[in-house]
Each structure stands twice: as C-alpha cells, then as structure tokens.
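Everything quoted here is computed from the prediction, not taken from an experiment. Lettering of chains follows the sequences in order, A, B, ..., and the numbering in each one begins at 1.
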Number of protein chains: 2
Amino acid sequence: MNDTPGFRPLYRQVYDILVRKIAEGAWKPGEMLPSEQMLAREMGVSHGTVRKVLDALTAENLLLRRQGKGTFVAEHDQDRALFRFFHIARPGGERLVPEAAKVRIKARPSRVVEREKLELRGRDAVFEITRLRLIDGEPAIRETIILPERLFPRLDRIGDLPNTLYSLYQSKFGITVAAAREELRAATATREDQSSLGLKPGHPILVIGRVALALTGQPVEWRESRVRSDRLVYAVTLQ
Amino acid sequence: MNDTPGFRPLYRQVYDILVRKIAEGAWKPGEMLPSEQMLAREMGVSHGTVRKVLDALTAENLLLRRQGKGTFVAEHDQDRALFRFFHIARPGGERLVPEAAKVRIKARPSRVVEREKLELRGRDAVFEITRLRLIDGEPAIRETIILPERLFPRLDRIGDLPNTLYSLYQSKFGITVAAAREELRAATATREDQSSLGLKPGHPILVIGRVALALTGQPVEWRESRVRSDRLVYAVTLQ
DNA sequence: GAGTGGTCTAGACCACGCA
DNA sequence: GCGTGGTCTAGACCACTCT
C-alpha cells in the first residue's frame, strides 16, 4: 500500500493533528473534546484508530478520559499532574508541595547561560522570579526561575503569583508544560543559602536545574532550586 | 455482562498470565514468544486482545518486538535497557556507564535498615558488594550494594562480577529488575569518600539511594552510590 | 512463499453519568 | 434513554525477514 519513505501511519497523523490543535488551544484545558465517533467521522478514519490515539494521549497525561462523560484536555491543577514535576519528598517517600514565600519578580536582559538553556536569540529579555519555599513554615528551598518575556507578556503585572506556576502558565499564557529535563548535583551552601535557609557554613545542599518544555518541545522555563538536604530528598521512580 | 466487583478485563488477565510466565522464566531473556496468533488460540481470546497486551509489555520494556521476526523477552544487556536505570551524566547531558574497580564482596548478617529496604524477615544474610567506579580512569563514584543471600545463592563464588550487575542478576539468577525507587540527597564527603575519591575535606557529594524491584514488585537490591559532584550530575527526563 | 508483526476497519455489547 | 468511553471480536491487507 505504501512505498514512499516519508510514510506515516494514519494514527500518527491523527496524533499529530490532535497535539497541534491542543497546543494551539482549539480546546482549552478542562474542555471536552468531540466524542470518539465524531472525531472518527471528521477525520475520515475508524473508531479504533481514533481510540488508539486518544489512549496514547491519555497515557502521556495530555488528555483525561472519563467513562460516561467524555474526553477532556488535562489541567495542570490536578494533583496527579502536579506530582509529575515535583519530586521533593521527605526522607522515606512522602511527597509534598511546599508553599511559596518572599516572591519577587523583575524583568532584565538575558544572560548567556539563560539564552542557551532557553534557546533564545539575541538579547531577548527575561523575567526572573526568586522565591523561598517553606516546609512546615520553615524555609527549605531557594528558587530562581527564568522565563522568556516574549512568551509571558506582562507577567510582572500579575499581582500574586500562585504557588504552582504551571497552572498559571497554562491558564493565562496558553503554555502547557509537557516535559522537563532535570540535572541534580550537590553543592556547598553559599552565603545567601546560609542566610535564607538558616544553614551553617559548609552545609551541603541539593541543587536541581530544570528546563521545562512546552507541548511543542520548545523550552519555556529554566529553574534552579537549592534544597536543604537534611530535611528533604529528591524521590523518583524508574520503570 | 459483569456486575461482580472483582471483575478484571480479559486483557488484564492475559497481561498477568504473561508477566507471571516471564517472571517464572517460561521464556528466557532473548527467547521468542509464541506468535500473536498462537497466543490468541492458546488463551482463547482474539488477536486484538493479545496484541493490546503485547504492545503494553513492549512499552514497559519487558518485551521487544521485531516485524517479520517475532516477539522476544527483553534482555538487560541492551543499551537502551541499561539507560533506564543509569542516570549519571556529565554536566550538559552526555550519559555514561562508568567502569568498576576494586570490587569486593562478602556475606554477612543483615542490618535493620537493610531488612526494611529489602523487606527481609528475621536475620536473613545478605551479600555486600563495594566498588569504586571510574570515569576516564579517575575514581568518581563509591558504591555499596546489598543483596539478599536467599535470592542470589553463592553469588560470592562468582569470579569476576561484571560492570553491569543487572545483566548478571537476569542471566545467572533469573531476576529481572523491572523498576527502581531512588532517593537523592546532598552530603559532605566522609573520610572514606575523601580517600577513595581523592576529595578535600568538606567537599559536597551526591548520594543516591536505590531500591530495585523485580518483575513481581519484590525488592531485590539496595544500593547507595556516593558521587563526586564536580564532574558528574544526575540527569532525568520527566514526561 | 510462509510466517511474523504492523495497520486499519466495522461492528457488537457493556458500564457509566446524567437528565 | 441517550451519549459517552471501555472491552472484545473477526478479518483484511501491508511490510519485513528468512529460506
């Protein structure tokens, strides 16, 4: 049936179309997609082919299906979605999402390392968010977050930044964080770490660097989290 | 069709049967399974149901399918399989598998923390493997690996332990590591770290604790890796 | 050519949520 | 009772591998 080298199976084409439409916001997070039958009719493929694609997108946490109700675009607000990207836990395993404090934001020119991480050209401006994060009311993490100004227009005019920024990216800027690359290393607390986190000189801290990627694969956020390692660990399950 | 609460879909039952058979070694790693058609006939289900299961097991890296050839039990020797559990990289992303040196093994009674991690009862004995791992010929990681003696009989009689232990577990003991839980934290180099890795006092190191799980979900290995953090990072992709 | 997996279709029936 | 997703089937045809 096919001897062209650029062949893509039908389900792959349907997959690409749906991802593109979701990325473009054809359906907003939380909204319902047309039913399997409708999608199949519209795209001129069978029930089973559409189903294969919807199942795959559900496995990737991009869609959410509920029997009897419908298929919905996943929201970053939901607990399970949050835990995909937040891996800080107490020793032993209990995961948690720390609350944010002392949040500051400013716009400034990008630096070389930021342009590399975020694949920016020229001297594009960025927003820099700094914040402390608290566990049980005690400072536990220092975070610096870098965002391209072009993707987050007037971000600094928003009054209160929420604790879970990815919901904000999604709801206010139409950017869904779909994947992330993280690099972890150990370091010694700097003076700023010591004063912000209440550590003694020489204390080791866990440094987590993260590049977050949008649905399109484009890097949209670079973040560095400096974690006090006596109370917290980074927990991950590999399967 | 069904109103019993203990209902499991057909494909789930087929899945469980196949996982159990693979775990029991009905087909050894690298061996071919019966064809889809054969499996469907034997189990009295349709082609499509078998296919759904085989696709799932392939996605979980438990099977490997090759068009025109057949379906095979995955081996831990293969590059891709290795990289599922080895996340050490150079800063920037290039992954690597360090070579092992100064490998020592001894049998001894288990300790409390080891019995917890490995879900051992009583005073079951364990093997303790210690080794250095080298990057570019330089010591970079100190590792301690704890294994239940019961699961790895006469492990200490094996002459040379290979660099990639998981292949050994699979080929010599019939244990396939299918998943792992890891916890990362920062620490300060101990005296032993300093002398083994050539670090100065106070140097920060990255400590990775890992419990490896067999196909059955049973914990089979506990390992702690102490990584010098100036040359190496822990890299992970979340999606 | 025979045997394997890969793609795609058409349709049946069930379980769930809601009006 | 209707519309939704969830399960399962039967069968067609294609692409790949080996002999």
Does [X] come within less than 4.0 Å of [Y], counting only side-chain N to carboxylate O?
{"X": "B:D16", "Y": "B:R12", "answer": "yes"}
{"X": "A:R210", "Y": "A:E143", "answer": "no"}
{"X": "B:E224", "Y": "B:R185", "answer": "yes"}

Any [X] side-chain nitrogen or oxygen under 4.0 Å from OP1 or OP2 of [N]:
{"X": "B:K69", "N": "D:dC18", "result": "yes"}
{"X": "A:T71", "N": "D:dT4", "result": "no"}
{"X": "A:R65", "N": "D:dT4", "result": "no"}
{"X": "A:Y11", "N": "C:dT7", "result": "yes"}

Atom-pair distance ([atom1] on [X]; [atom2] on [N]), nearest Å:
{"X": "A:E36", "N": "D:dT4", "atom1": "CD", "atom2": "C1'", "result": "8 Å"}
{"X": "A:Q67", "N": "C:dG17", "atom1": "CD", "atom2": "P", "result": "7 Å"}
{"X": "B:R12", "N": "D:dT7", "atom1": "CZ", "atom2": "P", "result": "11 Å"}
{"X": "B:Y15", "N": "D:dC8", "atom1": "OH", "atom2": "P", "result": "16 Å"}
{"X": "B:D55", "N": "C:dC8", "atom1": "CG", "atom2": "P", "result": "13 Å"}
{"X": "A:L39", "N": "D:dG3", "atom1": "CG", "atom2": "C1'", "result": "14 Å"}
{"X": "B:Q37", "N": "D:dG11", "atom1": "CD", "atom2": "P", "result": "11 Å"}
{"X": "A:R8", "N": "D:dA15", "atom1": "CZ", "atom2": "P", "result": "17 Å"}

Worksheet item: Do the rings of A:Y166 and A:F86 sit parallel, tilted or perpendicular, given the 30° and 60° boundaries?
Response: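 Tilted.
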Discussion item. Here's a test for you: under side chain to side chain contact (heavy atoms under 4.5 Å, CB included), which of A:V53, A:D55, A:N61 qualifies with A:L57?
Written reply: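 Passing option: A:V53.
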Worksheet item: When you measure from every atom of DNA chain C, which of residues 42-51 of chain A have a heavy atom less than 4.0 Å away?
Response: A:V45, A:S46, A:H47, A:T49
Worksheet item: Do other residues, nucleotides or ligands put more than 12 heavy atoms under 6.0 Å from A:R181 CZ?
Response: no
Worksheet item: Would one find more than 12 heavy atoms of other residues, nucleotides or ligands at under 6.0 Å from atom CD of A:Q13?
Response: yes
